[in-house]
Amino acid sequence: PLEYQGKVKGVVQIINSLDKEAFEDDDVEFMMALGGQAAVAIENARLLKANKELFLNVIMSLVKLIDQRHLPFDLLIYEAADLEAVAMAIEDMVVRGAPAIGATAAYGMAQAHLQGHDLRAAGERLRKTRPTGHDLFFAIEYMLRAAAGGEDPVVAAERYAQEDVDRCRSIGVHGEKLIRNGARILTHCNAGALATVDHGTVLAPMRLAKEKGRKFFVYVSETRPRLQGSRLTAWELLQEGIDHAIITDGASGHFLGRGDVTLVLVGADRIAANGDTANKIGTYSKAVVAKENGVPFYVAAPTSTIDFG
């Protein structure tokens with residue numbers, strides 16, 4: 001969560017309500033500063049009078065993202081002014097995590113539409129950015145179907161983002177039952193709110209289990225070479241007040257072998273229709289060692305990550 005004027009607001013804020021009689025200046029300032037995972041921020045907000053009522057006119061011309069390359073040392077916002085900047089954000093790992101990339105693509109296509117570009121051409125450019133995760137392609141097809149049906153791409157992008165939030169919240173509801181009091185969880189890479197629009201996949205059940213008062217511990221595998229575990233997952237767990245320790249990737253087998261881990265919980269970049277799962281390098285070895293030592297191994301992912309094709 002981000003701290004703003006003494007109040008903690010979510011990492012992601014989607015602006016849905018455009019019909020408001022009074023919109024406070026500090027709220028506008030917060031939304032302009034926030035960004036968040038694939039949240040379209042207010043760039044040139046202006047108040048218009050129509051039928052003696054005030055409306056907030058949101059100009060959807062800028063996509064703002066948390067720049068994950070700088071975490072955990074600096075919380076910076078990346079501003080994408082056009083489709084190419086959105087594509088670069090995905091390619092250069094400003095934003096990463098399959099669900100977050102999908103939502104970024106949805107907003108990038110909405111932005112391209114508002115700037116007068118062909119939606120299908122925008123989708124083709126985005127397809128070439130990060131081909132590993134399936135959510136990217138799921139989001140592009142989602143946006144193209146919505147546009148073909150006559151829907152406003154901005155409305156479609158906002159709905160897509162909200163559906164991602166709902167999917168992750170559902171993962172939390174179903175997954176928290178796996179986390180018992182005293183559990184010792186091993187995870188790999190980052191599958192928290194930073195990797196999605198909100199809540200996260202792996203971290204969603206952890207957050208809910210903590211809210212219900214359960215005490216548990218998380219071993220955070222560092223995840224070489226980009227260190228998403230030590231830089232991002234540990235940072236998110238720190239914000240949530242969840243006990244954890246960063247371990248080297250090679251130490252995972254040690255802790256699994258001596259019985260220090262009771263549950264392995266990881267995310268996914270792509271899941272095949274038969275259940276085969278592709279995730280960050282280092283996941284397979286953890287799965288093998290977990291099976292060898294009789295430790296339950298679970299993958300937490302939304303349906304948008306499943307490649308039925």
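In this chain, residues are counted from 1 in sequence order. It should be emphasised that the depicted structure is a prediction, and the values quoted were computed from it without experimental measurement.
- Looking at H188, its side chain does come within 3.5 Å of a backbone N or O of I281 through a donor-acceptor pair.
- Here the side chains of P99 and V197 are not in contact, with every heavy-atom distance at 4.5 Å or above.
- Although no hydrogens or angles enter the test, the distance criterion places a donor-acceptor pair under 3.5 Å between the side chain of T187 and the main chain of L265.
- Here the side chains of M93 and R130 are in contact, with some heavy-atom distance below 4.5 Å.
- Within the 4.5 Å cutoff, side-chain heavy atoms of P302 are placed close to those of T201.
- Checked by atom type and distance alone, the side chain of D92 never pairs as donor or acceptor with a backbone atom of M88 at under 3.5 Å.
- Using modelled atom types, one side-chain atom of R214 and one backbone atom of E176 make a donor-acceptor pair closer than 3.5 Å.
- Salt-bridge annotation for K280 and E222: absent, with no side-chain N of the basic residue lying under 4.0 Å from a carboxylate O of the acidic one.
- Looking at residues two or more places apart in sequence or on another chain, you find a side chain to side chain donor-acceptor pair (under 3.5 Å) between E151 and R159.
- Looking at Q115, its side chain does come within 3.5 Å of a backbone N or O of A81 through a donor-acceptor pair.
- Taking both residues in full, the closest heavy atoms of A89 and Y78 are given as CB-CE2, 3.5 Å, listed atom of the first, atom of the second, then distance.
- Classified by interplanar angle (parallel below 30°, tilted 30° to 60°, perpendicular above 60°), the ring pair H134/F138 is tilted.
- Of all the heavy atoms in L126 and M109, the pair that sits closest is CD1-CG, 3.6 Å.
- Between R69 and D67, at least one side-chain nitrogen of the basic residue sits less than 4.0 Å from a carboxylate oxygen of the acidic one, meeting the salt-bridge criterion.
- Salt bridge annotation for R125-E84: present, with a cationic side-chain nitrogen under 4.0 angstrom from a carboxylate oxygen.
- Remark: the backbone N or O of T132 is not paired with any side-chain donor or acceptor of D269 at under 3.5 angstrom.
- M143 is not listed as a side-chain neighbour of H113, based on a closest heavy-atom distance of 4.5 Å or more.
- Looking only at side-chain heavy atoms (C-beta outward), S252 and V289 stay at 4.5 Å or farther from each other.
- One N or O on the side chain of T277 and one on the backbone of G275 form a donor-acceptor pair closer than 3.5 Å.
- For E292, the salt bridge (Lys or Arg N to Asp or Glu O under 4.0 Å) criterion is met by no residue, not counting sequence neighbours.
- Here the straight-line distance linking atom CG of N190 with atom CD of E236 works out to 5.0 Å at 0.5 Å rounding.
- Using a 4.5 Å cut-off on side-chain heavy atoms (C-beta onward), N279 and V299 make no contact.
- The backbone N or O of L232 sits nowhere less than 3.5 Å from a side-chain atom of Q68 that would complete a donor-acceptor pair.
- Between the R207 side chain and the H199 main chain, a donor and an acceptor come within less than 3.5 Å of each other.
- Atom OG1 of residue T262 and atom CD1 of residue I185 lie 6.5 Å apart, to the nearest 0.5 angstrom.
- Taking 4.5 Å as the limit, every side-chain heavy atom of V202 sits out of range of all side-chain heavy atoms of Y298.
- Between the side chain of D249 and the backbone N or O of G282 there is no donor-acceptor pair closer than 3.5 Å.
- Under the 4.0 Å criterion applied to side-chain N and carboxylate O atoms, D260 and R184 are not assigned as salt-bridge partners.
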